[in-house]
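First up is the structure itself, then whatever we jot down about it.
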Amino acid sequence: MKGTVLGIEGTAWNLSAAFVDEKDVIAEVTHTYVPPVGGIHPREAAQHHARFASHVIGKLLDEGRKKGISRSMIDGISFSQGPGLGACLRTVATAARALSLSLDVPLMGVNHCLAHIEIGRWKTPARDPVTLYVSGANSQVLAYNMGKYRVFGETLDIGLGNALDKFARSAQLAHPGGPKIEELAKKARNYIPMPYVVKGMDLSFSGLSTAATDALAKASLEDVCYSFQETAFSMVVEVTERALAHTGKNEVLLAGGVGANMRLREMLKIMCEDRGAYFYVPEKRFMGDNGAMIAYLGLLMLNSGNTISVENSHVNPNFRPDSVEVTWINEKDGEGDL
Ligand code: AMP
Ligand code: MG
C-alpha cells in the first residue's frame, strides 16, 4: 500500500481533516461544533463546518508542509459520504470535491461506520473482529464476511449516544450527556428496573431514554444514570456476544464515542474473558469521529481502485455499511490481514 491521503470528516458535530500514509497519521486538525443550548442542530452544525472548512484544511496543509508533505505529494482526497446529517455531509463533500479538482487527484467517498472499524484494525492488534460501534447516531454490531461488513444487530430507533444525550438534556445536563451520566452513575446506590429491549439481534433505546426521564420523578439522578447505563450496556453486550458465538470470531473491537465509557469497557471485557476472546479498544482520539479514520479508509480505497468521479460523489445520509463492497480486503492473497 502506498500514498498520502487527505481525509475530511464532518458527518455531525466534528469537523476534522487529516493526512495519513501507510505508516501513520501525519497530521490532524479539528474544529468542533458545540451547541450553545440543547443538542446538535443540523443546520447550525453545517454552518459551522462551512465557516471553518477553509481554516481547518489550510491549517492541515501548513502542518503537513512542516512534516514534509507538499501539495504535489497528495495522492487522493477522501470524505465522509454518509451516514450523517445531510447538510453537514454536503458541506464537507463540497470541500473535498474542490480539493480533488484543484489538485487533480482521485476522490474517495468513505462510509463513516467502516472508517471506525478500519482505524480500529489499524491501530489495535484486532484482525478480524466483531465490532461494537456505538456513537451518537449509530449503534451497530458488525463483522466481515465474504466481501462485506455485515450488520449482525443494530438499533431500530436512535443511537445509544443520542439516547444518553436526550435523557441528559431532560435532566438539565449540558450536551454531550454521555460523560456526565458516566460520572453520576459512579455515585449511585440502587438499580431501578428499566426497559431492556433486544428484539432478535436488534436494539431499541428510545423507550429507555423516556423511561429514564420518567424515573427522575421518584429516584435520584445518580440511580437513574446508573440504571440507564447498566440496562443499555447489557443490551449491547448481549448482542455482541451472540454475534461472536454465531460468527465463531474471537476478537471484539469497540468503536464510536460511547466507547469512551469505562463501565461499558469493563462489561465487554468480562464477556470477552468468559468466552476466551480478545477485547480491543483504540486510543481515545481514534474512537469518536475523527479525520484520520476517513483519510485511512480513503487510503485503503485508493490502493484498491475504489475511487469516484465528482459527478457520482453525491452524499448519502443513510449510507449503510453493509452496502459497501470491501475492495481493500483480499482474503485469497491474505491482504488486509483477514
Ligand atoms: P460520536 O458520534 O462517535 O462522535 O460519539 C458521540 C457520542 O458519544 C455522544 O452521544 C456522547 O454523549 C457519547 N459519549 C462520549 N463520551 C461518553 C462516555 N464517557 N460515556 C457515554 N457516552 C459518551
Ligand atoms: Mg461516528
Side-chain angles (χ1 to χ4, degrees), residues 7-16 30-35 38-40 42 45 49 79-85 88-89 92 110-120 131-140 142 149 154-155 158-171 173-186 205-206 208-209 212 224-233 235-237 253-268 281-294 296-297 317-321:
I8 317 172
E9 157 61 23
T11 52
W13 55 277
N14 211 20
L15 176 66
S16 177
T30 293
H31 203 283
T32 304
Y33 160 72
V34 183
I40 298 172
H49 296 354
F79 69 102
S80 281
Q81 203 173 6
L85 301 169
C88 295
L89 294 171
V92 166
V110 168
N111 180 285
H112 175 95
C113 314
L114 298 187
H116 273 289
I117 299 178
E118 292 302 347
I119 196 142
T131 300
L132 172 62
Y133 168 40
V134 272
S135 68
N138 300 293
S139 296
Q140 288 175 325
L142 309 111
Y149 278 99
E154 63 189 317
T155 181
I158 56 177
L160 177 47
N162 282 357
L164 289 163
D165 296 341
K166 194 170 147 217
F167 159 67
R169 277 201 299 282
S170 77
L173 301 171
H175 184 85
K180 291 160 195 106
I181 291 172
E182 177 172 19
E183 284 314 305
L184 288 160
K186 290 179 188 157
F205 298 110
S206 125
L208 179 55
S209 191
V224 177
C225 289
Y226 169 73
S227 309
F228 189 140
Q229 281 199 168
E230 293 300 300
T231 308
F233 296 169
M235 288 162 53
V236 296
V237 173
L253 174 69
L254 182 59
V258 183
N261 190 290
M262 296 311 283
R263 176 60 180 148
L264 174 59
R265 293 182 187 193
E266 184 185 15
M267 287 168 77
L268 284 164
V281 186
E283 253 178 84
K284 197 167 174 207
R285 62 187 274 236
F286 298 128
M287 292 211 77
D289 296 345
N290 63 88
M293 69 181 192
I294 303 302
Y296 179 64
L297 181 46
N318 302 312
F319 194 1
R320 288 195 58 86

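In each ligand, atom 1 is the first atom listed, and ligand 1 is the first ligand listed. For clarity, every value in this text was computed on a predicted model and none was experimentally measured.
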- Task: May I ask you to check whether V134 has an N/O atom sitting below 3.5 Å from an N/O atom of ligand 1?
- Result: no

- Task: From the options S135, A185, G159, select the one whose nearest heavy atom is closest to atom 1 (P) of ligand 1.
- Result: S135

- Task: Output the distance between atom OH (Y133) and atom CG (L142), rounded to the nearest 0.5 Å.
- Result: 9.5 Å

- Item | I294 CD1 to T11 OG1 distance, which is reported to the nearest 0.5 Å | 7.0 Å

- Message: Does ligand 1 come near enough to Y133 that some N or O of the ligand is less than 3.5 Å from an N or O of the residue?
- Response: no

- Task: Quick one: the NE2 of H116, the Mg ion (ligand 2), NE2 of H112 angle, rounded to 10°, please.
- Result: 90°

- Rounding to 0.5 Å, atoms CD (E9) and NE2 (H116) come to a distance of 7.0 Å

- Item | NZ/NE/NH1/NH2 to OD/OE distance under 4.0 Å, K180 and E183 | no

- Below 4.0 angstrom from a heavy atom of E182, which ligand 1 atoms are there? Numbered from 1 as shown, please. 18 (C), 19 (N), 20 (N)

- Query: Any N or O of G257 that comes nearer than 3.5 Å to an N or O of ligand 1?
  - Reply: yes

- Considering only protein heavy atoms, which is closest to atom 20 (N) of ligand 1, and at what distance to one decimal place? N261 ND2, 3.0 Å

- Query: What about D165: any of its N or O atoms under 3.5 Å from an N or O on ligand 1?
  - Reply: yes

- Note on the structure: Distance col, row H49:NE2 vs I8:CD1, nearest 0.5 angstrom, shows 11.0 Å

- Item | Pairwise distance CG(L15) to NE2(H31) - rounded to 0.5 angstrom | 8.5 Å

- For ligand 1, which atoms have a heavy atom of G256 less than 4.0 angstrom away? 3 (O)

- Which ligand 1 atoms, with their elements, are less than 4.0 angstrom from a heavy-atom of P176? 11 (C), 12 (O)

- In ligand 1, which numbered atoms sit nearer than 4.0 Å to a non-hydrogen atom of L164? 21 (C), 22 (N)

- Task: For ligand 1, note which part of L264 has a heavy atom under 4.0 Å away: side chain, backbone, both or neither.
- Result: neither

- Query: If you measure every N/O of G136 against every N/O of ligand 1, is any gap under 3.5 Å?
  - Reply: yes

- Query: Going by the order shown, which atoms of ligand 1 are within less than 4.0 Å of some heavy atom of W13?
  - Reply: 1 (P), 2 (O), 4 (O)

- Start with the C-alpha distance between Y149 and E118, add both sets of side-chain angles, then the distance that settles side-chain contact (heavy atoms from CB on, under 4.5 Å), and finish with yes or no. CA-CA 11 Å; Y149 278 99; E118 292 302 347; 2.7 Å; yes

- Which value, rounded to 10°, describes the OH(Y133)-the Mg ion (ligand 2)-OD1(D289) angle? 170°

- Task: Work out which heavy atom in L114 is nearest to a heavy atom in P321; give both atom names and the distance.
- Result: CD2-CB, 3.7 Å

- How would you list, by chain and number, every residue that makes a salt bridge (Lys or Arg N to Asp or Glu O under 4.0 Å) with E182, sequence neighbours excluded? none

- Task: Report the nearest protein non-hydrogen atom to atom 22 (N) of ligand 1: residue, atom name, distance rounded to 0.1 Å.
- Result: G178 CA, 3.4 Å

- Query: Which atom pair, heavy atoms only, marks the closest approach of G10 to S80?
  - Reply: N-OG, 4.2 Å

- Message: With rounding to the nearest 0.5 angstrom, report the CZ to SG distance, R263 to C225.
- Response: 14.5 Å

- Message: Please list, in number order, the atoms of ligand 1 under 4.0 Å from a heavy atom of G161.
- Response: 10 (O)

